[in-house]
**Q** 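Before anything else, here's the structure in question.
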Amino acid sequence: MQTLTANARRHSLYLARHLDNGNLKPEILHPMLDKVLDTADFHAFADWEAILAGENEAELARQLRLLRRYVAAQIIVRDINRISDLAEVTRTITLFADFAVNTALDFAHAYYQDRYGTPIGRHTNEPQHLSVVAMGKAGGYELNVSSDIDLIFVYPEAGDTNSKRTRSNQEFFTKTGQKLIALLNDITSDGQVFRVDMRLRPEGDAGALVLSETALEQYLIQQGREWERYAWCKGRVVTPHPNGIAPLVRPFVFRKYLDFNAYAAMRALHRQIRSEVGRKGMENNIKLGAGGIREIEFVAQIFQMIRGGRIRSLQMKGTQETLHELARLGILERHTADTLLAAYRFLRDVEHRLQYWDDQQTQTLPQNPEQQQLLAESMGFAGYAAFSDGLNRHRNRVNAIFNEILAQPEETPQQTGKSWQWIWQENGSGETLRNRLAEHGFEAETVAERLEQLRRSHKYRRLSAHAQPRFDAVMPALAEAAAAQPRPTAALLRLIDFLETVSRRSAYLAFLNEHPQALRQLAGIMGQSSWVAAYLCRYPILLDELLSAQLMETEYHWPALAAALSDGLANARGDTEAQMDILRHFQHTQIFRLAVQDLAGLWTVEALSDQLSALADTLLAAALPAVWADTPKTHTDTPNIAVIGYGKLGGKELGYASDLDLVYLYHDPHPDAPDIYGRFVRRLTNWLSAATGAGTLYDVDLRLRPNGDAGFLAHSTAAFEKYQHESAWTWEHQSLTRARFICGSSAIGTFFDRLRQQVLTQPRDAAALAREIIAMREKMFAAHPPADSDVKYARGGVVDVEFIVQYLILAHSYRHPELLDNYGNIALLNIAADAGLIDKALAEQSRTAYRFYRRQQHNTKLRDADKVNLTPELLNHYQNVRSLWRQVFGEDARFEAV
């Protein structure tokens, strides 16, 4: 121990002074050096209960100061000797700060309670306690040994104390707070516990020392400033008393929508700090100078501010854990996060050594050569020059990353669209405007009319003084980007619709001003697809995906995505609306990514359907346990239920806007099982189909369950099995050919697969089956005439292919069980041909036709394709499928359109 303290004292005048003066007793200090300190060690340091019971204020102040001295010495010795790491250092001193605050608060509360009685809430009539919020480094478990602590005092509600010497709760807690501050902040012969800074409270030094939760909420809503959002991001309640602070602060700090206004606000705050640094000659300040600690904190916080409202896992206090989470989420590249983390640890180690020297709150590098050399040695360098080189490497890397992320973009909409200002000039001549629009390929009359309508609209004229300049700046850039598209008029009109939709949310205008490249990409996407344009108008929050490194990556790791989704739902447990929104944000993000990739030609229709089906599977699997946990009066932790997908979901042929055909099966002997699972299915269906603030998820169709709309929402496995064997119609067995287990109880999934095989492989009268399926097809004519212009219902179209495949499965799977594999119609036609059930040439032609039909349907939805043209190619596809129909069913009735 002597060697450790001897080495540490060389680097700390503060430690040497206390050792030399006998203020640190070896029998107390040395045992502390062998372990990581925690709250139990602080409690064991003195007889705090006796001190509190005796109202011995002087002794309490003395013992807290003595404890602080030993804690500081323990940290210095372990850190200088590299026994501890940064996390231990900051955690130890933060835990001590929490202990000191709570101990002082207990004393102060008891002191005034003896004199004035217990403060009682006016509305709840419950005893009240003061909550202390630690801000800044104390809130993030990031304190330095010599840090001050930023505190805010909040009590639950107004009222009065319950004694003859009545005081209002405001007065009682003001006195309590004042005594707490004095116990920690006052300098005595034993020193000081912590400098206490109360300036982060509402109104700062001019505001009340304490305030009620209601007053805090009103302040944040009405007067809360941008810098206070960053401050409250680290706010942490350190006292154990019940309070409602978190739910009223969270929406102030973390906005529901992506908040790109944070860029400008953070830049303004950083410019202010940079100006102060330059003015005071603090370039050597490793916290505030370029590439310093503050810039790393800013990088972490900018993403918390922008995305924390959507991604709850980013609502954390510490800088290091935030950077790790940003890398995990892919928001920051792992290399970038590792660079920032390494620099942060290095800079914080330097900061601590600067403060160890004489227990001063400083971040400025020393000028004294002797101190410089000792600093370098404590950081593992032979000399100060080598240390400076290492420090500057870290700072340069941090500054480069900071500038890349937060600096003003070199290319702004004003620059990219400067030659297009004419399109949005109020004094432009109508005829001149139309001529110039025509020169750039626009339908002049249509666009000019839309621009004039926009200028006169209430939405534009009522924009705030903050939003309108952003709107005006981005309009010329939008027009320039639209002019570069193959269909410039469509692109510009859709962009204007989008701009008008988001104009009241200036954060989206900020995004378009911040990212000109994304603006051009947006124009390209909207120019190709009215469906994607409408999707973005519904969900403008997806703009952020244009910046994602994963946007064009077609490798979808669904297990990893499912794990991230489950984590998000778990983090929001207890908040049903938030969980429903998480599901919707997840789905919208993946659909947008797939659509953008699809427009770029990166997917075939079949492969895209596989991905959309995997997305639906993932969402259902994540929603099921979350909804069960949200369902009241359940009797088991895990529901004994399975979700079965039918139709396009069952056949893995989902499109962008497909609904989900679902059937629910349960196996549970509990007497209330029918009621419990019925309630569960209603709740799950609501989670999937209800519109929330985040939009919609899926339309859910339950009509394929036994007895359709007249049947139970969930069926027991026994009832389902009985129904399939005894009551199901042929069309229901046709539907079963495309059904598959999605999620839930694997045992029920196994049961379903077995039952499906039993039902589908029953020997059938092929001729009778053919007559039933033909009759079923003809019944559809009344509602869906088989016109050649409709590739789905035309004779020889999509439905005919599906009916052919379903017939082949029902008629022949008892001899050819390979037909039971739910691989989709294209694969099943090939399997049937290999089994000799249909002609190979006709099967291949029908496979080609089916692919063509699906591309046609897909392009009509996504790429603004015109309605079907009766080309020779299409008519030939119809004829090929009709030929296969004749071979399978042996009839040609009703082939003409009716």
**Q** Report yes if the distance between the aromatic ring centroids of Tyr853 and Tyr878 is under 6.0 Å, otherwise no.
**A** yes
**Q** What pairs meet the side-chain hydrogen bond (donor to acceptor under 3.5 Å, both in side chains) rule with one or both residues in residues 521-535, with sequence neighbours excluded?
**A**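 Checked against side-chain hydrogen bond (donor to acceptor under 3.5 Å, both in side chains) - neighbours excluded - the pairs reaching residues 521-535 are Ser530-Asp864.
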**Q** Arg754: which residues meet the salt bridge (charged side-chain N to carboxylate O under 4.0 Å, His left out) condition with it, sequence neighbours left out?
**A**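 Applying salt bridge (charged side-chain N to carboxylate O under 4.0 Å, His left out) to Arg754 gives Glu721.
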**Q** Are Gln762 and His725 side-chain neighbours, meaning at least one heavy-atom pair lies under 4.5 Å?
**A**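 Of all side-chain heavy-atom pairs linking His725 with Gln762, at least one is under 4.5 Å.
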**Q** Just jot down the salt bridge (charged side-chain N to carboxylate O under 4.0 Å, His left out) partners of Arg703, sequence neighbours excluded, or say none.
**A**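 Residues passing salt bridge (charged side-chain N to carboxylate O under 4.0 Å, His left out) with Arg703: Asp701.
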**Q** Using the salt bridge (Lys or Arg N to Asp or Glu O under 4.0 Å) rule, collect all pairs that involve residues 673-694, keeping only residues at least two apart or in two chains.
**A**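 Listed once each, the pairs are Asp630-Arg683, Asp675-Arg679.
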**Q** Under the ring-ring contact (aromatic ring centres under 6.0 Å, His included) test, which residues partner Trp628, sequence neighbours left out?
**A**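 In terms of ring-ring contact (aromatic ring centres under 6.0 Å, His included), with neighbours along the sequence ignored, Trp628 is linked to Tyr677, Phe680.
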**Q** For Glu500, which residues count as a salt bridge (charged side-chain N to carboxylate O under 4.0 Å, His left out) partner, sequence neighbours excluded?
**A**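 Checked Glu500 against salt bridge (charged side-chain N to carboxylate O under 4.0 Å, His left out); matches are Arg450.
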**Q** Is the closest side-chain donor-acceptor distance between Arg886 and Ser883 under 3.5 Å?
**A**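 Yes, a side-chain donor-acceptor pair sits under 3.5 Å.
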**Q** Who are the ring-ring contact (aromatic ring centres under 6.0 Å, His included) partners of Tyr807, not counting sequence neighbours?
**A**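 Tyr807 satisfies ring-ring contact (aromatic ring centres under 6.0 Å, His included) with Phe889 only.
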**Q** For Asn640 and His670, does a side-chain donor sit closer than 3.5 Å to a side-chain acceptor?
**A**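 Note: Asn640 and His670 side chains miss the donor-acceptor criterion.
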**Q** Distance alone, cut at 3.5 Å: any donor-acceptor contact between the side chains of Asn859 and Arg863?
**A** yes
**Q** Tabulate below the donor-acceptor pairs under 3.5 Å that side-chain atoms of residues 659-666 make, not counting sequence neighbours, or state none.
**A**
none

**Q** Kindly write out the residues that satisfy ring-ring contact (aromatic ring centres under 6.0 Å, His included) with Tyr814, not counting sequence neighbours, or none if the list is empty.
**A** none
**Q** His557 versus Leu561: any side-chain heavy-atom pair under 4.5 Å?
**A**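 Heavy-atom side-chain distance check fails, nothing below 4.5 Å.
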**Q** List, one per line, each side-chain donor-acceptor pair under 3.5 Å for residues 706-720, sequence neighbours excluded.
**A**
residue	atom	partner	partner atom	Å
His715	NE2	Phe712	O	3.1
Ser716	OG	Ala719	N	3.1
Thr717	OG1	His667	ND1	3.1

**Q** With a cut-off of 3.5 Å and sequence neighbours excluded, list every side-chain donor-acceptor pair involving residues 690-700.
**A**
residue	atom	partner	partner atom	Å
Thr692	OG1	Asp581	OD1	2.6
Thr692	OG1	Ala694	N	3.0
Thr696	OG1	Tyr539	OH	3.3

**Q** Ignoring hydrogens and angles, tell me if any N or O in the side chain of Gln597 forms a donor-acceptor pair with the backbone of Glu553 under 3.5 Å.
**A**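 The answer is yes, because a donor-acceptor pair under 3.5 Å joins these two groups.
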**Q** Give every residue pair that meets the side-chain hydrogen bond (donor to acceptor under 3.5 Å, both in side chains) criterion with at least one member in residues 829-840, sequence neighbours excluded.
**A**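 Counting only pairs at least two positions apart or across chains, the side-chain hydrogen bond (donor to acceptor under 3.5 Å, both in side chains) contacts touching residues 829-840 are Asp834-Lys840.
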**Q** Keeping the roles fixed (side chain from Ser813, backbone from Leu760), state whether a donor-acceptor pair exists under 3.5 Å.
**A**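 A pair under 3.5 Å: yes.
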